[in-house]
Novice: 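Dropping a structure here in structure tokens format, bear with me for questions.
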Amino acid sequence: MSTVRAVVCPEYGSPGVLRVERRPVPAPGAGEARVRVRAAAVNFPDVLLIAGRYQVTVPPPFVPGSEFAGVVTELGPDCAGFAIGDRVSGTGLYGAFAEEIVVPAAGLAAIPPGVDDRTAAAFGVAYRTAYHALRSVARVGPGDTVVVLGAGGGVGSAAVQLAGALGIQVVAVASSSEKLSVAAFHGAQHLIDHRTADVREALRAAVPQGATAVLDPVGGDLSEPALRALGRGGRFVTIGYASGTVPRIPLNLVLVKGLHIVGFQFLDIAAGEFARNERELAGLLADGRVAPHIGATFRLEDTARALERVAEGRAVGKVIIDLTCE
């Protein structure tokens with residue numbers, strides 16, 4: 001059996017525990033495809049999975065990495081819909097930080113013509129999360145106003161850009177002028193640096209009438225002032241806790257304004273809406289109306305550094321592992 005280079009998590013811990021090894025890649029089974037990975041994207045859940053602190057665990061040793069783009073190199077039995085040589089992207093719980101990966105073919109998507117590998121790898125998790133959250137959980141549309149926390153990160157920057165494409169006004173909250181500059185470039189109308197501003201007062205000034213919705217992939221100290229910024233009947237969508245702190249919410253705020261606090265999970269979205277969202281999102285990518293901001297690119301050997309950048313909140317947009325770089 002041939003071997004390929006892969007990043008391996010030998011035990012739970014910080015990204016520093018990772019090492020690059022040569023590992024065998026099994027032949028694809030029924031309904032599976034082998035993909036030569038050309039680019040993989042780093043996501044915050046990758047950091048949590050390596051630390052053993054994610055909502056599900058994978059026993060070490062394992063290869064982390066949850067989204068990728070590449071080329072189909074082998075197909076197993078009963079594998080329809082793709083051919084060897086097709087350019088595809090995919091997502092999964094782990095396995096993407098390797099030169100090759102074997103995955104169910106049903107989970108792959110064809111990369112639209114004109115879309116490069118890095119863009120395809122960076123688009124999947126963050127943009128799907130942001131779009132489904134906006135359309136089916138926050139339920140916002142043209143003329144509405146959404147507060148996006150962590151607007152400089154992967155999901156946050158995707159939400160800013162997608163909201164703009166939907167005609168939604170955006171208040172971007174992030175931790176640096178660099179991140180806010182990217183948010184402004186993608187159409188955010190109001191910019192708040194939470195490290196230098198009183199967030200509660202800044203939000204009150206930005207949306208005195210109250211926002212329609214909040215998208216929160218951050219948690220921590222930002223959640224309560226954002227909740228207070230909602231107008232009556234507003235929707236607060238909790239997506240994750242990149243700050244490392246799960247917020248405590250005074251429920252009287254919810255009672256007084258009739259607010260809705262909703263958790264985001266893909267599995268909670270109705271099948272018809274899910275399919276509609278996926279079609280719309282694929283169209284936005286194919287037409288070039290949206291494209292992920294890639295803030296940093298690393299070689300496979302430097303995957304630990306890439307994960308550290310995401311873990312420490314220093315990432316601007318998406319961080320990519322380029323497996324075509326030697």
Side-chain angles (χ1 to χ4, degrees), residues 7 9 12-18 39-58 60 62-68 90-97 118 121-134 137 148-162 172-176 178-179 182-183 194-195 214-223 226 237-247 263-266 292-298 302-321:
V7 173
C9 175
Y12 295 135
S14 68
V17 304
L18 299 178
V42 180
N43 295 290
F44 188 71
D46 299 330
V47 177
L48 298 179
L49 201 67
I50 291 165
R53 295 192 293 111
Y54 195 48
Q55 56 199 21
V56 295
T57 58
V58 177
F62 66 92
V63 176
S66 53
E67 63 182 329
F68 61 91
T91 61
L93 183 60
Y94 60 95
F97 297 157
R118 294 184 186 185
F123 195 78
V125 173
Y127 277 74
R128 291 177 69 230
T129 297
Y131 199 74
H132 286 286
L134 287 166
V137 185
V148 179
L149 303 181
V155 172
S157 61
V160 170
Q161 191 176 163
L162 290 168
V173 181
S175 61
S176 71
E178 181 184 8
K179 293 178 179 181
V182 173
H194 67 78
R195 294 192 175 176
V214 170
L215 262 60
D216 181 11
V218 178
D221 294 337
L222 296 178
S223 298
V237 183
T238 177
I239 298 172
Y241 310 104
S243 68
T245 303
V246 178
F264 172 81
Q265 295 284 347
F266 283 114
H293 176 83
I294 297 173
T297 302
F298 293 83
D302 299 321
T303 297
R305 288 176 49 212
L307 284 154
E308 286 166 355
R309 180 176 293 231
V310 171
E312 295 165 3
R314 294 185 289 113
V316 181
K318 293 291 290 187
V319 173
I320 294 294
I321 308 299

Novice: From Phe62 CZ over to Thr57 OG1, what is the distance, rounded to the nearest 0.5 angstrom?
Specialist: 9.0 Å

Novice: Could you tell me if the side chain of Val47 sits less than 4.5 Å from the side chain of Glu308, heavy atoms only?
Specialist: no

Novice: I'd like to know whether Asp46 forms a side-chain contact (heavy atoms from CB on, under 4.5 Å) with Leu307, so could you lay out the CA-CA distance, the side-chain angles of the two residues, the decisive distance to 0.1 Å, and finally the verdict.
Specialist: CA-CA 8 Å; Asp46 299 330; Leu307 284 154; 3.8 Å; yes

Novice: With no hydrogens and no angle check, is any side-chain donor or acceptor of Ser243 less than 3.5 Å from a backbone partner on Val218?
Specialist: yes

Novice: Taking side chain to side chain contact (heavy atoms under 4.5 Å, CB included) as the criterion, tell me which of Leu149, Val237, Val148, Val173 meets it with Asp216.
Specialist: Leu149

Novice: What's the shortest heavy-atom distance between His293 and Val316, and which atoms?
Specialist: CD2-O, 3.5 Å

Novice: Looking at Pro292 and Lys318, what are the two nearest heavy atoms and their distance?
Specialist: CB-CG, 4.4 Å

Novice: If I compare all heavy atoms of Pro247 with all of Gly219, which pair ends up nearest, and what's the gap?
Specialist: CD-CA, 4.0 Å

Novice: Which pair of non-hydrogen atoms, one from His194 and one from Ser175, has the smallest distance, and what is that distance?
Specialist: NE2-CB, 3.4 Å

Novice: If every non-hydrogen atom of Ala172 is compared with every non-hydrogen atom of Ala183, which pair is closest and at what distance?
Specialist: CB-CB, 3.7 Å

Novice: Who passes ring-ring contact (aromatic ring centres under 6.0 Å, His included) against Phe97, sequence neighbours left out?
Specialist: none

Novice: Got a sec, which residues hit ring-ring contact (aromatic ring centres under 6.0 Å, His included) with His132, two or more places apart in sequence or on another chain?
Specialist: Phe266, Phe274

Novice: Considering only NZ, NE, NH1 and NH2 on the basic side and carboxylate oxygens on the acidic side, decide whether Glu67 and Arg128 come within less than 4.0 Å.
Specialist: no

Novice: Decide yes or no on side-chain contact (heavy atoms from CB on, under 4.5 Å) for Phe298 and Val42, but give the supporting numbers first.
Specialist: CA-CA 10 Å; Phe298 293 83; Val42 180; over 6 Å; no

Novice: Kindly write out the residues that satisfy ring-ring contact (aromatic ring centres under 6.0 Å, His included) with Phe123, not counting sequence neighbours, or none if the list is empty.
Specialist: Tyr127

Novice: For atom OH of Tyr94, decide whether the heavy atoms of other residues, nucleotides or ligands shown that lie under 6.0 angstrom number more than 12.
Specialist: no

Novice: Got Cys9 and Ile50 here, is their nearest side-chain heavy-atom distance under 4.5 Å?
Specialist: yes

Novice: Is any side-chain heavy atom of Thr129 closer than 4.5 Å to one of Pro217?
Specialist: no

Novice: For residues Leu215 and Ala130, report the shortest heavy-atom separation together with the two atoms involved.
Specialist: CD2-O, 4.4 Å

